[in-house]
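Taking it in order: structure first as structure tokens, then the write-up.
The structure presented is a predicted model; accordingly, all values stated were derived computationally and were not measured.
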Amino acid sequence: MMNKKGTGSRAFFWTAVIGSLLIMVIIAGYSVWTTRQTVRATDDAVSAVSSFYLEAMADRWSQSISSQINDDFDMMDQALTFIQEEDVQSQDELRSTIGKMKSLLSLRRFALVDENNVVYTQYTTYTGGSRHPFLSKKQLAGRVISIVAPYGSARQLFLAVPTPGFSLMGKSFKACFIQIDIHEIIDLLAVDKQERTYFGLYLKNGENISDTSLGSFIGVRNIFDAIRGHVPESIRTESQSRFAEGGRGSISYSVSGLAETLCYVPVQKTDLVIAVMIRESLIQEQIRHISEKTLSNSRNQMLFTFVSVLLLATVLLIQFRISSRNRLEKEKEDSMHFRKMANTDALTGIRNKHAYLENEEHINQRISSGELKELAVAVCDINGLKYVNDHLGHSAGDSLIKAASSLICETFSHGAVFRIGGDEFAVLLQGEGYRTLQETIDALNRRVEANLRENKVVVAVGYAVLEPQDRQLQDVFERADQMMYERKSELKKKESLIRSRDPKEEKA
């Protein structure tokens, strides 16, 4: 009996021990497997978010460069008008005029080119055929964007426009151009000061022309030479072809066990491509650290009880949930930030045309469903903006736009104000704004007519309300727009009358 009881106890003991060990091994193994699956899923999610962030950043920087180039072209057109009006008769007068124009319009390294390829600048005159290849043609067909390294120096961006019919000092001129250092363009772009995001400006063959590092691996080298052997050749070839054709895309690769992604976007109407690369994100690094610690703990937990393993799993779950929640909150903040940027006018700080179109779509749905009954639209337009821009410069024009925006926002305090064009604003009025529409319009008109006499900002306003026959917001907008133009004409007549009665104006 004793032997049988002892044998049974030993069997129970070993069964309990082996069973406990098996449970611990299963739990530890499951914990390891779950941790690896979580890390893999998190890596995929973070990579997707990183790609979205990179593409948005590359788009924004590409648009910044394109916008700067277009602004420079517009400034060149104004410069030509300025020089033509100066009635230049000699080279000294031309150099002086170019200097004044450069100071007024902030155009550096501006030059004129006559039909013999002689280049005239503020300080010197030289033959530009060999120095500037883009001048080799007898006539320029249109705007030219060229990248040149004069005499082997750092690359420069040249913007040139033809000048048909332009003549000075008895000479015909075929073009004008400005010279921009590539590094001046790079200075326009916002660089991540924590050095987790890198960017570079490239030619379509992958050559870096900005001397900015695309991370420690690619550096300032040719992109496609750097990634050779680190991505499948088919992907490298496909990306190289898309890069050369002015397409957009992304490339993912691993270096020393770290996954990295870069996105590239063409700069419109140029032979330039901007590429952006982000390191492993901070969240991904933190989760990897937690995962590695979990794996180490899982091996040690096989020496402890089932409860210890369970407690450890609970702690890890809490940590993971906290990290996930923090990451989700950051993504929401970033999303709200991008949305705010997309819907805000950079000059005035009020909502822009993109925001107006979003509101228009929502309002049209409410009109179609019969839900919306009370709605008014006010359309405002600044008088004299073109005159100010042409005669006082765009800085003065910007000040006029800001003053008009402040006046409109102060007056329509119960409405949603949008800047929908260079000199045009729209206001959507519901609720209190709808009920006080007429007194608000009267108040604005009184302010405007007082400003007209005091030579301050003048805004023409028209308005309309939603009628039963209206099918969309545009119907109301068009009536308000028509009234605005009638008011604009009326204000111009009043302005002429005031000027004709003003002795100072007559004397001037």
Would you say that [X] contacts [Y] through its side chain, given a criterion of any heavy-atom pair below 4.5 Å between the two side chains?
| X | Y | answer |
| --- | --- | --- |
| Y120 | Y126 | no |
| I363 | L428 | yes |
| I83 | L94 | yes |
| I180 | Q156 | no |

Heavy-atom pair with the smallest gap, counting every atom of [X] and [Y]:
| X | Y | result |
| --- | --- | --- |
| I69 | I145 | CG2-CD1, 3.9 Å |
| M484 | D381 | SD-CB, 3.3 Å |
| I274 | V267 | N-CG2, 4.5 Å |
| Q268 | S62 | N-OG, 4.3 Å |

Item to check | Partner residues of Q89 under the side-chain hydrogen bond (donor to acceptor under 3.5 Å, both in side chains) criterion, sequence neighbours left out | outcome: D87
Checklist outcome for this item: Those residues at least two apart in sequence (or on a different chain) that pass salt bridge (Lys or Arg N to Asp or Glu O under 4.0 Å) with K100 are E86
Item to check | Test: R242 and E245 ion pair at under 4.0 Å | outcome: no
Checklist outcome for this item: Hits for side-chain contact (heavy atoms from CB on, under 4.5 Å) against R109, two or more places apart or cross-chain, chain-then-number order -> Q179, D181, E184
Checklist outcome for this item: Sequence neighbours excluded, the answer for side-chain contact (heavy atoms from CB on, under 4.5 Å) partners of E490 is R487, K494
Item to check | Neighbour count above 12 (heavy atom, 6.0 Å) for K204 NZ | outcome: yes
Next on the checklist: Please determine whether ring pair (Phe, Tyr, Trp, His ring centres under 6.0 Å) holds for the pair Y202 and Y264, giving the CA-CA distance in whole Å, both sets of side-chain angles, and the decisive distance to 0.1 Å.
Outcome noted: CA-CA 10 Å; Y202 294 83; Y264 54 88; 9.7 Å; no
Item to check | Test side chain to side chain contact (heavy atoms under 4.5 Å, CB included) applied to R419 and I401, T344, N352, the passing residue | outcome: I401
Next on the checklist: Please evaluate residues R95 and T125 with respect to the criterion side chain to side chain donor-acceptor pair (under 3.5 Å), reporting the C-alpha separation (whole Å), side-chain torsions for both, the decisive distance (0.1 Å), and the verdict.
Outcome noted: CA-CA 10 Å; R95 290 174 181 174; T125 303; 3.3 Å; yes
Checklist entry - What residues, two or more places apart in sequence or in another chain, satisfy ring pair (Phe, Tyr, Trp, His ring centres under 6.0 Å) together with F110? => result none
Next on the checklist: Under the criterion side chain to side chain donor-acceptor pair (under 3.5 Å), I'd like the reasoning laid out for N364 against E360: C-alpha separation, chi angles, the key distance, then a yes or no.
Outcome noted: CA-CA 6 Å; N364 285 341; E360 181 179 28; 4.5 Å; no
Next on the checklist: Going by ring-ring contact (aromatic ring centres under 6.0 Å, His included), name the pairs with one or both residues in residues 415-446, residues two or more places apart or in two chains.
Outcome noted: Y356-F418
